[in-house]
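Structure, as structure tokens:
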There are 2 protein chains.
Amino acid sequence: MARDTKDILKKNRLSVTASREKILNLFLDQSGALAHGDIEKRAGEKFDRVTIYRTLQVFVEKGIIHTIPTADNSILYALCKDDCEEGHHHDHHVHFVCRQCQNTYCLDNVVTPDIKLPTGYSAKQIDVVVEGICRQCSI
Amino acid sequence: MARDTKDILKKNRLSVTASREKILNLFLDQSGALAHGDIEKRAGEKFDRVTIYRTLQVFVEKGIIHTIPTADNSILYALCKDDCEEGHHHDHHVHFVCRQCQNTYCLDNVVTPDIKLPTGYSAKQIDVVVEGICRQCSI
DNA sequence: AATCTTTTGCAACAATGTTGCTTTTTTAGT
DNA sequence: ACTAAAAAAGCAACATTGTTGCAAAAGATT
């Protein structure tokens with residue numbers, strides 16, 4: 001496990017530090033997306049808020065995590081799949097927000113549909129966020 | 001014009017006040033969506049920030065405007081069409097963010113597609129935000 | 001016009017995000 | 001393994017954004 005995080009960091013030409021490993025592990029140990037606040041809480045009192053901000057920023061730049069837009073004005077972060085590279089996200093999956101457990105998941109198997117736009121508009125990226133009840137909560 | 005705003009407010013059983021008329025007019029005079037900050041700037045120095053927050057909140061509750069989730073963590077607001085009622089938004093159109101002019105538009109004619117979800121997931125609402133170049137900017 | 005209700009503005013506060021700078025840690029070269 | 005250079009962490013101070021309670025002002029109702 002610790003091996004993994006070191007590898008991921010090195011692969012992205014990032015120096016290996018305690019906070020980066022810790023934060024990366026939070027994402028690896030967790031299926032859903034995390035908000036900055038979640039990370040602050042779960043990391044214990046160990047890290048400075050600024051460090052978390054900067055770490056998340058670096059991870060996004062390197063394509064290790066991506067952001068998910070939400071209606072309630074909080075940015076969520078989730079792990080990218082392997083086909084994301086530095087400065088070149090391939091974020092073509094649908095995001096799902098559960099109204100019951102409030103978790104947000106990347107539905108990696110659900111691809112964003114094509115959208116027919118009016119003449120004159122051209123699409124570069126399409127974000128789809130579905131709100132509803134997740135598998136866990138509908139049992 | 002002033003007539004319009006009074007009518008809209010009355011139709012929603014809201015008392016007619018200067019700030020509500022002013023803010024409503026900003027939306028009517030403008031095709032795109034507005035962030036809280038935009039409103040604060042365009043309204044002049046006249047209104048308290050708190051009043052703007054509360055006014056937007058009331059407008060959303062009444063179904064006069066709706067919110068648009070954005071990737072950069074700022075909530076945008078835009079006018080609802082007539083078929084929105086109190087507590088019951090019919091927000092089934094696609095939102096378009098222009099990378100050039102940075103404006104956000106409601107594409108009222110473009111309906112959000114159905115999304116096939118994995119077993120166990122059920123959708124209550126689907127938000128689609130398309131990023132690209134708008135008609136104005138692609139001339 | 002008087003009263004009751006609603007809204008506004010103010011002040012204080014809380015949460016979130018940013019910046020510059022010093023100290024500490026990591027990396028790379030020997 | 002040790003040292004110098006580079007990078008990151010931590011700290012403090014600050015900026016922005018959003019929230020709450022309450023008194024004053026404005027709007028609605030009769």
Side-chain angles (χ1 to χ4, degrees), chain A residues 2-3 5-26 33-62 64-65 67-77 86 102 104, chain B residues 2-3 5-26 33-62 64-65 67-77 86 102 104:
Chain A
R3 238 343 349 130
T5 61
K6 283 187 176 59
D7 286 347
I8 294 173
L9 291 173
K10 282 180 183 167
K11 204 174 295 173
N12 286 281
R13 302 188 303 285
L14 290 173
S15 28
V16 177
T17 67
S19 48
R20 284 180 181 165
E21 285 200 273
K22 179 79 185 174
I23 292 175
L24 196 43
N25 261 320
L26 287 179
L34 294 171
H36 173 97
D38 298 326
I39 294 164
E40 213 167 318
K41 278 168 211 139
R42 300 202 197 184
E45 310 280 326
K46 294 173 152 195
F47 301 114
D48 197 274
R49 273 176 345 105
V50 178
T51 301
I52 298 175
Y53 280 112
R54 292 199 265 230
T55 302
L56 290 173
Q57 207 173 297
V58 169
F59 283 3
V60 170
E61 281 164 16
K62 291 291 184 178
I64 299 171
I65 59 178
T67 60
I68 305 171
T70 60
D72 71 328
N73 208 14
S74 71
I75 298 184
L76 290 176
Y77 300 88
E86 184 168 354
Q102 293 298 326
T104 296
Chain B
R3 225 18 313 144
T5 60
K6 282 190 176 59
D7 285 349
I8 294 173
L9 291 173
K10 281 180 184 166
K11 203 174 294 173
N12 286 280
R13 301 189 305 285
L14 290 174
S15 30
V16 177
T17 68
S19 47
R20 285 180 180 165
E21 284 200 274
K22 178 78 184 175
I23 292 175
L24 195 43
N25 260 321
L26 287 179
L34 295 171
H36 173 97
D38 298 325
I39 294 165
E40 213 166 318
K41 280 168 209 138
R42 299 200 199 186
E45 309 280 327
K46 296 173 152 193
F47 301 114
D48 197 273
R49 275 176 344 103
V50 178
T51 301
I52 298 175
Y53 280 112
R54 292 198 267 228
T55 302
L56 290 172
Q57 208 173 295
V58 169
F59 283 3
V60 170
E61 280 163 15
K62 291 292 184 177
I64 299 172
I65 59 177
T67 60
I68 306 170
T70 60
D72 72 328
N73 209 15
S74 70
I75 298 183
L76 291 176
Y77 299 89
E86 184 169 355
Q102 294 298 327
T104 296

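Chain naming here is simple, since letters A, B, ... match the order of the sequence lines and numbering starts at 1 in each.
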**Request:** Determine whether any donor atom in the side chain of A/Arg54 lies under 3.5 Å from an acceptor atom in the base of C/dG17, or the reverse, and answer yes or no.
**Result:** no
**Item:** Residue met sooner reading DNA chain D from 5', once A/Thr51 and B/Gly37 are mapped to nucleotides
**Value:** A/Thr51
**Item:** First encountered from the 5' end of DNA chain D, between B/His36 and B/Leu14
**Value:** B/His36
Mind calculating the distance between [atom1] ([X]) and [atom2] ([N]) to the nearest angstrom?
X: B/Asn12; N: D/dA28; atom1: CG; atom2: P; answer: 14 Å
X: A/Ile52; N: D/dA8; atom1: CD1; atom2: P; answer: 16 Å
X: A/Arg13; N: C/dT26; atom1: CZ; atom2: C1'; answer: 17 Å
X: A/Ile39; N: C/dT16; atom1: CD1; atom2: C1'; answer: 14 Å
X: B/Glu61; N: C/dT7; atom1: CD; atom2: P; answer: 11 Å
X: B/Lys22; N: C/dT7; atom1: NZ; atom2: P; answer: 20 Å
X: A/Tyr53; N: C/dG20; atom1: OH; atom2: P; answer: 17 Å

**Gap separating the OG1 atom of A/Thr5 from the CG atom of A/Leu26, nearest 0.5 angstrom** = 11.0 Å
**Message:** Nearest 0.5 angstrom please: B/Ile23 CD1 to B/Thr51 OG1, how far?
**Reply:** 7.5 Å
**Message:** What's A/Arg49 touching, base or sugar-phosphate or nothing? Going by heavy atoms closer than 4.0 Å.
**Reply:** base
Which nucleotide in [options] has an atom nearest any side-chain atom of [X]:
X: B/Thr17; options: D/dG10, D/dA8, C/dT8; value: C/dT8
X: A/Val50; options: C/dT27, C/dA11, D/dC11; value: D/dC11
X: A/Thr55; options: D/dG10, C/dT27, D/dA9; value: D/dA9

**Non-hydrogen atoms of B/Lys62 and B/Leu14 that approach each other most closely** = CE-CD2, 3.8 Å
**Prompt:** Does B/Ser15 make a side-chain N or O approach to OP1 or OP2 of C/dT6 shorter than 4.0 Å?
**Reply:** no
**Request:** Using the ring pair (Phe, Tyr, Trp, His ring centres under 6.0 Å) rule, pick out the option among B/Tyr77, B/Tyr53, B/Phe47 that qualifies with B/His36.
**Result:** B/Tyr53
**Prompt:** Under a 4.5 Å cut-off applied to non-hydrogen side-chain atoms, are B/Ser19 and B/Lys46 in contact?
**Reply:** no
